[in-house]
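One structure is given below, encoded as structure tokens.
When a residue number appears, it is its place in the shown sequence, counting from 1. Counting starts at 1 for both ligands and their atoms, in listed order. Computed from a predicted model, the values in this text were never measured in an experiment.
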Amino acid sequence: MQVDPIRNQDVASLTDVSQLDIPSLPIIAVKVLDILSRESSNADDLAGIIAFDPSFVSRLLKTANSPYFGIGDGVSSIDGAILRLGFDTISDIVVMAALKDIRRHADAIDIGLWEHSTAVAVACKLIADELGYGNPTEHLIHGLLHDIGKMIMNINFKEKYTLVVDEVRSSGKPFEDVESAVFGFTHCGIGDYTARRWKLPVEIRSAISLHHCSASELADRKDIKDVLLVKIADHVCSELQIGIYDNLVPIDKDLEFIGLTEVSKIDSLKKKAEEEYPKYKSFMLG
Ligand SMILES: [Fe+2]
Ligand SMILES: [Fe+2]
């Protein structure tokens, strides 16, 4: 069955959404996303929010001192961590720590999905960096949340979703096609519903609901570049076969649109993503 990625979004008309178990977005994540969405956010704003949650502070400092991020002497305060690691790295760590609490069931599928999403987050950030486009931490968020619909489907329809994952692997079909055949809706639709429930900013919602669309389907959208960036990162990480990944579909037109056509550049991004992934994984899934 061919799935229409844009029209297949309104899950409320396809399933009883009132019965869905959707984790709440942690308060700290709401505040951090709000700060990062402001043009003028700075390290003090971030430190101000974190300071109210002592357990969060200790997690943050633990990470800042971990072998992957820590350099030299131990960091013992938020200000020290920001000074040592810089605002961008601290923003990444804070976002990951805040979103990590969405995780509920640490079953094999959940772990595999978060591994994939963490890798896509790293790749999004690296591609954004390479293109000099936007705020890398925002792209990291897009990557982390792009497949949130799959996590929600796995929480709510455990057995059926296990069948979907098995079928995707054995058939070579994309997730959307198999989900659509089994459920009548896709992870993008459930993700879109979740993004609305969480009142996420429109760019994050687009990354979640439209990341399987083509450049031509997205042509009149302002956030087309953000969405295609997630799609390309998703593809790169599927090639790297990290976690529970999707089957590959051609993305030549998307690469062309975003201005990333040199094979050597894509190869070096892939290599960097593979190198950077373990440090993010140890934090997200540790
Ligand atoms: Fe997806
Ligand atoms: Fe994905």
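One of the N, O or S atoms belonging to Asp234 lies under 2.8 Å away from the Fe ion (ligand 2). In summary, His211 places no N/O/S atom under 2.8 Å from the Fe ion (ligand 2), failing the contact criterion. Among the atoms of His146, no N, O or S atom falls under 2.8 Å of the Fe ion (ligand 1). Residue contacts to the Fe ion (ligand 1): His212 brings an N, O or S atom closer than 2.8 Å.
Looking at Val165 and Asn154, their side chains never come closer than 4.5 Å, going by heavy atoms from C-beta outward. Looking only at side-chain heavy atoms (C-beta outward), Phe183 and Leu14 stay at 4.5 Å or farther from each other.
The closest approach of Asp147 to the Fe ion (ligand 2), by N/O/S atoms, is made by OD2. Sorting the N, O or S atoms of His187 by how far they are from the Fe ion (ligand 1) puts NE2 first.
Using a 4.0 Å cut-off between charged nitrogen and carboxylate oxygen, Lys271 and Glu275 count as a salt-bridge pair. With respect to the salt-bridge test (charged N to carboxylate O, under 4.0 angstrom), the residues Asp129 and Lys272 do not qualify.
Tested against His187 for a side-chain hydrogen bond (donor to acceptor under 3.5 Å, both in side chains), the candidates His146, His212, Glu176 yield a single pass: His212.
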